[in-house]
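Start at 1 with the first residue, then count along the sequence.
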Amino acid sequence: MTDSPAATDGGWLVSGDRVLASLEIAESWRDRSQGLLGRDGIEGALLLRPARSVHTFRMRFPIDVAHLDADLTVLRITTMVPNRLGRVVWKARSILECEAGCLASWGIEVGDRFEIR
């Protein structure tokens with residue numbers, strides 16, 4: 001990661017009894033708009049809330065996107081390359097972004113639930 005994060009430190013992303021990654025949380029309009037723009041990568045993950053969709057215009061790397069409901073249960077998983085517009089998931093309340101391949105390497109599937117610690 002080259003630039004300092006716009007979002008605040010959110011602690012740890014957990015699924016079941018496994019700590020998956022460090023977590024940044026973007027809750028303000030400004031922080032959600034900035035997201036991962038201007039970065040060459042991310043160590044860990046970024047949670048955007050509230051959010052129902054994302055884009056990768058002007059991004060420098062592909063990302064995994066998990067649409068989450070109010071309980072942080074995974075509704076949909078997508079890998080997005082730069083310069084794409086993501087689908088709106090109306091039941092989503094937040095979105096988790098991480099480098100492409102992370103969700104698969106963590107064994108995350110639709111229906112899994114995250115926790116923030």
Side-chain angles (χ1 to χ4, degrees):
M1 182 167 49
T2 59
D3 297 351
S4 61
T8 60
D9 177 22
W12 300 101
L13 181 67
V14 177
S15 180
D17 59 351
R18 297 177 303 137
V19 174
L20 303 175
S22 60
L23 184 66
E24 298 172 34
I25 299 177
E27 293 182 301
S28 73
W29 182 88
R30 180 175 183 242
D31 290 347
R32 289 191 319 269
S33 296
Q34 180 65 34
L36 297 174
L37 294 176
R39 301 191 198 188
D40 293 320
I42 180 172
E43 296 290 329
L46 174 66
L47 182 70
L48 307 169
R49 66 178 178 196
R52 290 191 168 116
S53 68
V54 294
H55 69 82
T56 58
F57 297 116
R58 299 185 351 247
M59 288 197 54
R60 298 177 182 165
F61 58 98
I63 59 171
D64 282 347
V65 175
H67 289 82
L68 311 174
D69 69 9
D71 296 322
L72 301 180
T73 300
V74 178
L75 302 172
R76 183 173 193 266
I77 294 174
T78 308
T79 298
M80 295 179 65
V81 297
N83 300 311
R84 298 290 187 264
L85 181 61
R87 178 176 147 195
V88 175
V89 175
W90 293 106
K91 292 183 180 182
R93 295 297 173 258
S94 59
I95 292 180
L96 183 81
E97 296 180 338
C98 52
E99 288 198 21
C102 285
L103 293 176
S105 71
W106 297 336
I108 299 301
E109 299 176 344
V110 171
D112 288 348
R113 186 171 180 270
F114 291 116
E115 293 178 45
I116 300 169
R117 293 192 190 158

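Using modelled atom types, one side-chain atom of Arg52 and one backbone atom of Ala92 make a donor-acceptor pair closer than 3.5 Å.
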Dump the intermediate steps for salt bridge (Lys or Arg N to Asp or Glu O under 4.0 Å) on Arg39 and Glu24, then the final yes or no. CA-CA 14 Å; Arg39 301 191 198 188; Glu24 298 172 34; 2.9 Å; yes

Hey, mind stepping through Lys91 and Asp69 against salt bridge (Lys or Arg N to Asp or Glu O under 4.0 Å) and telling me if it holds? CA-CA 6 Å; Lys91 292 183 180 182; Asp69 69 9; over 6 Å; no

Between Arg93 and His67, is a side chain to side chain contact (heavy atoms under 4.5 Å, CB included) present by the stated rule, with each step listed? CA-CA 8 Å; Arg93 295 297 173 258; His67 289 82; over 6 Å; no

Side chain to side chain contact (heavy atoms under 4.5 Å, CB included) between Phe57 and Leu37, intermediate numbers included: CA-CA 8 Å; Phe57 297 116; Leu37 294 176; over 6 Å; no

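In plain terms, the two heavy atoms of Glu115 and Leu72 that are nearest each other are CA-CD1, 4.5 Å. When all heavy atoms of Gly44 and Cys98 are compared, the pair lying nearest together is O-CB, 3.7 Å. For Ala45 against Ala21, the heavy-atom pair with the smallest separation is N-CB, 4.4 Å. Listed here is the closest heavy atom pair of Cys102 and Ser105: O-OG, 2.8 Å. Closest of all the heavy-atom pairs between Ile95 and Ser53 is CD1-N, 3.3 Å.
The 12-atom threshold is exceeded at CZ of Arg18, counting heavy atoms of other residues, nucleotides or ligands nearer than 6.0 Å.
Here the CG atom belonging to Leu103 is positioned 10.0 Å from the CG atom belonging to Asp112, to the nearest 0.5 angstrom. In this structure, OG in Ser22 is found 7.5 Å from CG in Asp9, a value given to the nearest 0.5 Å. The distance from the CZ atom of Arg49 to the CD1 atom of Ile25 is 4.5 Å, given to the nearest 0.5 Å. The CE atom of Met59 sits 8.5 Å away from the CE atom of Met80 when rounded to the nearest 0.5 Å. Note that OG of Ser94 is 9.5 Å distant from CD of Glu27, once rounded to the nearest 0.5 Å. If you take CD1 on Ile42 and CZ on Phe61, they are separated by 6.5 Å, rounding to the nearest 0.5 Å.
Just one of Asp64, Thr56, Leu48 meets the side chain to side chain contact (heavy atoms under 4.5 Å, CB included) condition when paired with Glu97; it is Leu48. When Leu46, Val65, Leu13 are each tested for a side chain to side chain contact (heavy atoms under 4.5 Å, CB included) with Leu96, only one passes: Leu13. A side chain to side chain contact (heavy atoms under 4.5 Å, CB included) with Phe114 is found for one member of Leu20, Leu47, Leu23, Asp71 and no other, namely Leu20.
Linking Ile, Leu, Val, Met, Phe, Trp and Tyr whenever their side-chain heavy atoms come within less than 4.5 Å puts Leu68 and Ile116 in one cluster.
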